[in-house]
Amino acid sequence: MNPSFQELGLSEERVQQLETLGFTEPTNIQAQAIPHLLSGRDVVGQSQTGTGKTAAFSLPILERLDVNHRAVQALVLAPTRELAIQVHDAVSTFIGNSGLRTAAIYGGQSIDRQIMQLRRGVHIVVGTPGRVIDLLERGSLKLDYVRWFVLDEADEMLSMGFIDDVEKILSQAPTERQTALFSATMPPSIRQLVNNYLNDPVTVTVQQPKAAPNKINQVAYVVPRNWSKARALQPILEMEDPESALIFVRTRRTAAELTSQLQSAGHSVDEYHGDLSQQARERLLGRFRNRQVRWVVATDIAARGLDVDQLSHVINFDLPDSVETYVHRIGRTGRAGKEGTAITLVQPFERRKQQIFERHVRQAWQVLPIPTRAQIEARYIQKLQEQVREALTGERLASFLPIVRELSEEYDAHAIAAAALQLAYDQTRPAWLQTEADATEEELLSPTPKPKLRGGGGSPRREYSGERRGGRSWDNGEGGRGEGGRGEGGRSVKPKLKGGSSSPRRESAASGKKIGSVSAAQESASS
DNA sequence: AAAAAAT
């Protein structure tokens, strides 16, 4: 049990205001970081996504800011525009009616509006490096009175692509300031840089509490030799039937190409990457969050921090570049204590890289062959059965009984039920569920090639069994954990039916507001 | 080598 916000040193007023927002109990990272920040220390904060990092640094800043001095006193930098927007929105919710003013400063948007905002005077700026530098050079943004400097996704901000910009910005801020770095990951190479920017920092590391393990099932689908990944993806999507998914690819071009392929197959999917206009980017995210689009094919622009509620699947169509990126990508799912599935397509030559990732997250992935047509059929039948069981307990059943009574004068009850099932099966079949025309039956039934010359166990379902190494603390959140609930039993091939399938009707769980932890508003806060 | 970030 963490101390209350009040015990952490926040004012009565702020605590009251947090309560009206529904935040009554600090998360671990908040409990650890807030007192240090209030006392003026520099802080390096690491905790998994979805743990309230934004609140951890915003609350102390809000507490100590001088409202009567209308100058930029805090600067927060983030690696993508959308992240800057999210953090800005989160900070805004914590402000209440204190009279504090904030601005989001990022590219792809009218610079004049931002200049106007700055001219009117703001206390907190949240932004991306490019536009911040632009406004510094135009003289519209002044950092002379900055007392807090925060890097969100700090390891990314201190990496090659950003470090020069960050240094340029820092050179204009007073050296007498408080600096905080937050991220879920911190590779050793970046860790070494920290003391260049921070003054005697406190490092605050929060492991995931045992009681609330991160529920991400991690799965590798092995792409058979000579299969394209696009070909392998189709049966995987049919089998998993993701309610909502982020599909990660390495390049913008692949994002565009894969998106058209999936769209022509009839899927509800769109692309998201840096080639799009800012307007298109934000519009897409809106449609994704409202569930108007089920799946999004994205570059690593979406890997970090992006907050989409209830994302059921993350699919790595291309392996990520680094273990850190892997951690951030899969962190888009399994949020707010919900279950999530992270799928990675692994080509035979990538198995070594796969093992490195597995070791890093200290969790073995479930390794599966590409689902066969028969397995996909069986899965749909299974879902149909579940729906029938559910319907049998429903209230509306009674209204259909007279029809059954009438039919049963002529037919056997089993036959009537079977006919009704057949109709349900045919009518709920998704338009895109099709057999692969170019694959032979034999290929479909055993898509994983059996090793010919190489000796050893050729079982298509191999589980990672490497030793688990301890010792890494910074760059990964969690120790090992048991297998997710994805036993192979659920995938056994039983009946083979021709025809379509039933599409699952999943209940949309209401998102409860978990105190101090992830809820829509605050998680933006966090990662 | 690619992605992100200013136009």
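Everything numeric in this text was worked out from a predicted model, so none of it was measured. By convention in this document, chain letters (A, B, ...) are assigned in the order of the sequence lines, proteins followed by strands, and residues within each chain are numbered from 1.
In terms of phosphate contacts, A:Thr251 brings no side-chain nitrogen or oxygen within less than 4.0 Å of OP1 or OP2 of B:dA1. Contact between the side-chain N/O atoms of A:Arg281 and the OP1/OP2 oxygens of B:dA5 is found at a separation under 4.0 Å. Neither OP1 nor OP2 of B:dA4 sits under 4.0 Å from any side-chain N or O of A:Arg304. An OP1 or OP2 oxygen of B:dA6 is reached within less than 4.0 angstrom by a side-chain nitrogen or oxygen of A:Thr128. For A:Arg252 and B:dA4, the shortest distance from a side-chain N or O to OP1 or OP2 is below 4.0 Å.
Between the side chains of A:Arg120 and A:Gln117, no donor N or O sits under 3.5 Å from an acceptor N or O. A:Gln234 and A:Glu238 share a side-chain donor-acceptor pair at under 3.5 Å.
Residue-level contact check: A:Gly107 touches the backbone only, with heavy atoms under 4.0 Å from sugar-phosphate atoms and none from bases. Among the heavy atoms of the strands, none lies under 4.0 Å from A:Arg138.
As a whole-Å value, the separation of A:Asp321 CG from B:dA3 P is 10 Å. The CZ-P distance, from A:Arg250 to B:dA1, rounds to 10 Å in whole Å. As rounded to whole Å, 17 Å separates atom P of B:dA5 from atom CG of A:Leu158. A:Ile301 has its CD1 atom 11 Å from the P atom of B:dA3, to the nearest Å. Summarising the geometry, the separation between CE on A:Met157 and P on B:dA3 is reported as 19 Å, rounded to the nearest angstrom. Atom CZ of A:Arg81 and atom P of B:dA3 are 15 Å apart (whole Å). Going from atom CG of A:Asp164 over to atom P of B:dA3 covers 20 Å, rounded to whole Å. Going from atom CG of A:Asp300 over to atom P of B:dA1 covers 17 Å, rounded to whole Å.
Of the residues in residues 269-276 of chain A, those with a non-hydrogen atom less than 4.0 angstrom from any atom of DNA chain B are A:His273, A:Gly274.
Within the structure, every pair that satisfies the salt bridge (charged side-chain N to carboxylate O under 4.0 Å, His left out) test and touches residues 74-84 of chain A, not counting sequence neighbours, is listed here: A:Glu82-A:Arg281.
In the set B:dA6, B:dA1, B:dA4, B:dA4 carries the atom at the smallest distance from any side-chain atom of A:Thr80. Checking B:dA4, B:dA6, B:dA2 against the side-chain heavy atoms of A:Thr299 singles out B:dA4 as nearest. The nucleotide whose nearest atom lies closest to any side-chain atom of A:Phe162 is, among B:dA6, B:dA5, B:dA3, B:dA5.
Partner A:Arg252 forms a side-chain contact (heavy atoms from CB on, under 4.5 Å) with one of A:Ile301, A:Leu276, A:Thr299 and no other, that one being A:Thr299.
Classification of A:Arg294 and A:Asp241 as a salt-bridged pair holds, one side-chain N sitting under 4.0 Å from a carboxylate O. Using a 4.0 Å cut-off between charged side-chain N and carboxylate O, A:Arg253 and A:Asp275 make no salt bridge. Under a 4.0 Å N-O distance rule, the pair A:Asp152/A:Arg304 does not qualify as a salt bridge. Salt-bridge check for A:Arg138 with A:Asp134: passed, with a basic side-chain N closer than 4.0 Å to an acidic carboxylate O.
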